[in-house]
Amino acid sequence: MSAFGSRYITTPIELADADAGFSCGKHPLDDYFVRHALANDQNGICRAYVLRSEAELPRVLGFYTLSMASVESARVSKVLEKKLPKYPMPVALIGRLAVDRRVQGRRLGEKLLLDALRRIVDAATLMGCTGTIVDPKDDDAERFYGKYDFVTVTVDAGPRRMFLPIATARAAFKDD
Ligand SMILES: CC(C)(COP(=O)(O)OP(=O)(O)OC[C@H]1O[C@@H](n2cnc3c(N)ncnc32)[C@H](O)[C@@H]1OP(=O)(O)O)[C@@H](O)C(=O)NCCC(=O)NCCS
């Protein structure tokens with residue numbers, strides 16, 4: 001369990017969450033949450049974390065998923081301003097992140113992202129991790145992550161990909 005502020009917590013996804021009526025307004029994400037998030041968590045494909053508040057409805061305020069991943073080293077060496085080995089570099093992946101539309105615009109997306117990054121910083125003490133990647137599905141999502149210093153590393157056609165160095169995430173929590 002992770003707590004931020006006194007009102008909100010994130011906890012691992014539970015069986016009842018799929019029926020909680022979660023809707024972020026983007027069908028693929030809603031569909032993923034209802035049909036796949038718990039199963040993928042149970043199968044070890046991702047860990048899915050749900051944002052809740054004892055004082056507030058809906059039951060699921062938001063969620064995100066975390067997995068291990070790797071990226072071509074050329075994609076991240078520029079951002080890291082380091083010469084890296086040529087083989088793929090280890091990263092954490094925030095696969096999905098969404099807030100229920102009834103509570104959007106109240107900084108819960110920011111809270112969720114920081115909660116995810118804190119877990120990643122903790123995990124990076126146990127294993128190699130050069131940073132965090134996200135694959136924003138549209139311009140809105142890219143702008144959202146851009147506000148938190150994620151840099152677009154896709155250079156040509158193909159899915160968008162953004163990267164945040166682990167040192168940047170670590171620095172955000174250094175005074176905690
Ligand atoms: C994107 C999303 C997670 C943001 O959550 P939220 O709780 O509404 O956002 P917050 O209140 O925490 O906003 C934090 C900052 O991001 C900005 N922001 C929020 N949604 C944004 C969007 N769609 N596009 C651009 N910027 C956005 C806010 O303006 C705010 O910026 P500020 O610091 O300049 O004021 C939420 O709108 C959502 O779930 N959208 C649908 C799913 C999605 O696109 N997920 C992301 C990619 S998988």
Side-chain angles (χ1 to χ4, degrees), residues 2-14 17-41 45-71 75-76 79 91-121 123 131-154 157-165 168-169 171-173 175-176:
S2 153
F4 38 82
S6 50
R7 293 174 62 131
Y8 300 105
I9 54 166
T10 54
T11 59
I13 190 167
E14 294 168 9
D17 290 334
D19 299 325
F22 176 80
S23 173
C24 73
K26 293 198 175 161
H27 178 70
L29 278 163
D30 295 345
D31 189 57
Y32 175 87
F33 185 73
V34 170
R35 296 176 56 203
H36 303 298
L38 179 69
N40 284 1
D41 180 280
I45 296 168
C46 71
R47 290 283 165 242
Y49 295 96
V50 169
L51 177 66
R52 313 173 194 281
S53 164
E54 279 175 18
E56 233 173 312
L57 290 171
R59 172 187 160 88
V60 175
L61 297 168
F63 82 101
Y64 64 82
T65 65
L66 296 182
S67 304
M68 296 182 199
S70 66
V71 288
R75 294 273 162 111
V76 297
V79 185
V91 289
L93 167 70
I94 302 178
R96 269 109 182 153
L97 184 151
V99 170
D100 191 284
R101 62 182 156 189
R102 289 164 281 186
V103 290
Q104 283 177 10
R106 292 167 41 183
R107 309 216 77 82
L108 294 181
E110 175 173 286
K111 284 181 166 58
L112 266 185
L113 180 59
L114 291 175
D115 194 71
L117 291 174
R118 180 182 283 283
R119 289 186 198 275
I120 290 166
V121 165
T132 301
I133 56 167
V134 292
D135 292 338
K137 299 290 180 286
D138 55 32
D139 292 345
D140 277 355
E142 188 170 8
R143 274 198 298 275
F144 172 74
Y145 287 116
K147 279 183 183 288
Y148 301 97
D149 297 336
F150 280 78
V151 174
T152 301
V153 293
T154 320
R160 289 180 233 215
R161 174 150 283 183
M162 300 177 85
F163 175 75
L164 182 79
T168 308
F173 302 115
D175 296 329
D176 292 3

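Atoms within a ligand are numbered from 1 in the order they appear, just like the ligands themselves. Treat the numbers as computed from the prediction; the structure is a model and nothing was measured.
Shortest contact from atom 48 (S) of ligand 1 to any protein heavy atom: L97 O, 3.5 Å. In terms of protein heavy-atom proximity, atom 30 (C) of ligand 1 is nearest to R107 NH2, 3.9 Å. For atom 23 (N) of ligand 1, the nearest protein heavy atom (residue, atom name, distance) is D140 CB, 3.5 Å. Scanning the protein for heavy atoms near atom 39 (O) of ligand 1, the closest one is V99 N, 2.8 Å. Closest to atom 1 (C) of ligand 1, if we only count protein heavy atoms, is F144 CG, 4.1 Å. Among protein heavy atoms, atom 8 (O) of ligand 1 sits closest to G105 N, 2.8 Å. Scanning all protein heavy atoms for the shortest distance to atom 34 (O) of ligand 1 gives K147 NZ, 2.9 Å.
Atoms of ligand 1 lying under 4.0 Å from any heavy atom of R143, numbered from 1 in the order shown and given with element: 25 (C). Listed by atom number, the atoms of ligand 1 under 4.0 Å from E110 heavy atoms are 12 (O). Each of the following atoms of ligand 1 lies closer than 4.0 Å to a heavy atom of A141: 46 (C), 47 (C). Close contacts between ligand 1 and R106 involve ligand atoms 11 (O) [criterion: under 4.0 Å to a heavy atom]. Listed by number with element, the atoms of ligand 1 under 4.0 angstrom from any heavy atom of L29 are 42 (C), 43 (C), 45 (N).
Ligand 1 has no N or O atom lying under 3.5 Å from any N or O atom of A98, backbone or side chain. Some N or O of G109 is nearer than 3.5 Å to an N or O of ligand 1, by distance alone. Taking distance alone, with nitrogen or oxygen atoms compared against 3.5 Å, K26 approaches ligand 1 more closely than that limit. Between V103 and ligand 1, not a single N/O pair is under 3.5 Å apart.
Between R119 and D115, at least one side-chain nitrogen of the basic residue sits less than 4.0 Å from a carboxylate oxygen of the acidic one, meeting the salt-bridge criterion. Using a 4.0 Å cut-off between a side-chain N of Lys or Arg and a carboxylate O of Asp or Glu, D19 and R59 do not qualify as a salt bridge.
Y64 meets the ring-ring contact (aromatic ring centres under 6.0 Å, His included) test with Y49; sequence neighbours excluded. K137 is linked by a side-chain hydrogen bond (donor to acceptor under 3.5 Å, both in side chains) to nothing, counting only residues two or more places apart in sequence or in another chain.
The shell of residues lying under 4.0 angstrom from ligand 1, judged by heavy atoms, includes Y148. Contact annotation: G25 has no heavy atom less than 4.0 Å from any atom of ligand 1.
Contact annotation for Q104 and ligand 1: heavy atoms of both the backbone and the side chain come within less than 4.0 Å of the ligand.
Exactly one of Y145, F150, F144 qualifies for a ring-ring contact (aromatic ring centres under 6.0 Å, His included) with Y148. That residue is F144.
F63 and Y32 have parallel rings, their planes meeting at less than 30° on a 0 to 90° scale where 60° marks the start of perpendicular.
Between the side chains of T11 and R52, at least one donor N or O sits under 3.5 Å from an acceptor N or O.
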Let me see the working for L93 and I133 under side chain to side chain contact (heavy atoms under 4.5 Å, CB included), right down to the final yes or no.
CA-CA 5 Å; L93 167 70; I133 56 167; 3.9 Å; yes

